[in-house]
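Numbers restart at 1 for each chain; the letters A, B, ... are given by sequence-line order, proteins then strands. Predicted, not measured: the structure shown is a model, and the values here were computed from it.
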There are 2 protein chains.
Amino acid sequence: MQSTLESTRVSSGERINAGERPGRLEAELGSRGRRLTRQRRVIVRVMDTAQRHLDIDEIYERARKLDKHVHRVTVYRTVDLLKKLGLIDELDLLHIRGDRHYYESHAAREHIHVACLRCGKVREFESALYDEMKRQIEEQLDVKIAVSRTEVGGYCRSCLPANQTKAKAAH
Amino acid sequence: MQSTLESTRVSSGERINAGERPGRLEAELGSRGRRLTRQRRVIVRVMDTAQRHLDIDEIYERARKLDKHVHRVTVYRTVDLLKKLGLIDELDLLHIRGDRHYYESHAAREHIHVACLRCGKVREFESALYDEMKRQIEEQLDVKIAVSRTEVGGYCRSCLPANQTKAKAAH
DNA sequence: ATAGATGCAAATATTTTGCCGCCAG
DNA sequence: CTGGCGGCAAAATATTTGCATCTAT
């Protein structure tokens, strides 16, 4: 069980698997016997094609642009359904942008979110060490892991210098 | 940079470092020039001695038992202050108990929270792989990590069988 | 046809804010 | 003394729910 550092993968853009499987959510809903209403099609379309993590309001706004017949409550209910079905992940990105929740269609492989505490940019990171660590947890704590979420906050290259002057000066 | 599995540490109880440094938060507040008011003393006392992760209401209730002069708003404000000073961590435990936030006094070493999706029990886990992974992120993404949070959800030994029948049956 | 969805409004949380009086340093 | 704090009430947010209506299957 040696460390497999070399298989680590770094994302270049915002979302590693964004748009890789368009129509995935809609197909999943269908195959699970859920009704594909006009509103649901629009909402999952927004989520399937998003290039970054969206919160409820952002999903709502984008859905409205595609179709005025989408109500905010329906977004809440649809997101809730997707969450219950395990088709999407809910993040809060360490609350650096407030207490809102952000959603993303399940990636093919679980990844880590790395956010800059100053500029707010979020990057994704995949690591063999992460998978290894989860295996270790399952073994040592005798649990079967279903989901995991890792969020890292720090300062990116371009924010590090500025950090000296106007960082979180503890109030 | 070989994997240092052997140094992994598993917690036995609920909180790895709970109660290990009583009075820590109060001392920190003092040394940072914050006023040690009656209410703050009570609130940080609750947090310093908690054996498990508490949400705002739980902190409030426990504080009230010690001293009726603690107001809910003051709990919000104090927790907020501690958060800003970086003295406590904010968790949401994958929202398995709702969208509340949970707080814990900073541990000596960052650890992972492993929650059972059925019984809700939370265990803590420390891993050298985790530290190694963070180093890897810093290196490959060129960032300076300030905080990180990992929450894992799964099924513990005793909940695994029951899981077959009454698990998250997707609504 | 009909169980399941949506829309709307109203109810619930949950957290924040303004202002004034108070107390720790 | 006095500026940071806490109490109180009210506002601002965020999310959920009841119920009538609609529609995907």
Worksheet item: Separation of Ile43(A) atom CD1 from dA5(C) atom P, in whole Å?
Response: 13 Å
Worksheet item: With a distance cut-off below 6.0 Å to the six-membered ring centre and an angular limit of 45° from the axis, does Arg118(A) pair with Tyr155(A) as a cation-pi contact?
Response: no
Practice prompt. Compute the bend angle of the helix from dA1(C)-dT25(D) to dG25(C)-dC1(D) from the end axes (five pairs per end), rounded to 10°.
Written response: 50°
Worksheet, complete the sentence: CD (Glu104(B)) and CD (Glu90(B)) are apart, to the nearest 0.5 Å, by 11.5 Å
Response to the item:
Here the distance between atom C1' of dC5(D) and atom CG of Leu29(B), to the nearest Å, is 13 Å
Worksheet item: In whole angstroms, how far is the C1' atom of dC19(D) from the NE2 atom of His71(A)?
Response: 14 Å
Discussion item. Check Arg32(A) with Glu28(A), please: is the shortest side-chain N to carboxylate O separation under 4.0 Å?
Written reply: yes
Fill in: Short side-chain N/O contact from Thr74(B) to OP1 or OP2 of dG7(D), under 4.0 Å
yes
Worksheet item: Is a salt bridge present between Arg77(A) and Asp80(A), judged by a nitrogen-to-oxygen distance below 4.0 Å?
Response: no
Worksheet item: Can you check the Arg32(B) CZ to dG4(D) C1' distance for me, whole Å?
Response: 18 Å
Worksheet item: In whole Å, what is the span from the NE2 atom of His69(B) to the C1' atom of dG21(C)?
Response: 14 Å
Discussion item. Quiz question: by atom type and distance under 3.5 Å, do the side chains of Arg149(B) and Thr150(A) form a donor-acceptor pair?
Written reply: no
Discussion item. For a quick test of reading the model: is some side-chain N or O of Gln39(A) closer than 4.0 Å to OP1 or OP2 of dT23(D)?
Written reply: no
Discussion item. Strictly below 4.0 Å, N to O, side chains only: are Arg109(B) and Asp131(B) in salt-bridge contact?
Written reply: yes
Worksheet entry | same_hphob_cluster(Val73(B), Val70(B)) at 4.5 Å side-chain heavy-atom cutoff | no
For nucleotides 23-25 of chain C, list the nitrogen or oxygen atoms of the protein found under 3.5 Å from its nitrogen or oxygen atoms, one pair per line.
{"residue": "dG25(C)", "atom": "OP1", "partner": "Leu36(B)", "partner atom": "N", "Å": "3.3"}

Worksheet item: Should Asp67(B) and Arg62(B) count as an ion pair when the cut-off is N to O under 4.0 Å?
Response: no
Discussion item. Output one letter per nucleotide in nucleotides 13-18 of chain D: B when a protein non-hydrogen atom lies under 4.0 Å from the base, S when only the sugar-phosphate is that close, - when neither is.
Written reply: -SBBBB
Worksheet item: Of the nucleotides dC5(D), dG7(C), dG7(D), which one has an atom closest to the side chain of Arg40(B)?
Response: dC5(D)
Practice prompt. Look up atom CZ in Phe125(A) and atom CD in Gln136(B), then write down how far apart they are to the nearest 0.5 Å.
Written response: 4.0 Å
Discussion item. Let me confirm one number: the CG-CE distance from Leu87(B) to Met47(B), rounded to the nearest 0.5 Å.
Written reply: 9.5 Å
Worksheet entry | His113(B): which of His53(B), Arg123(B), Glu151(B) passes side chain to side chain donor-acceptor pair (under 3.5 Å) | His53(B)
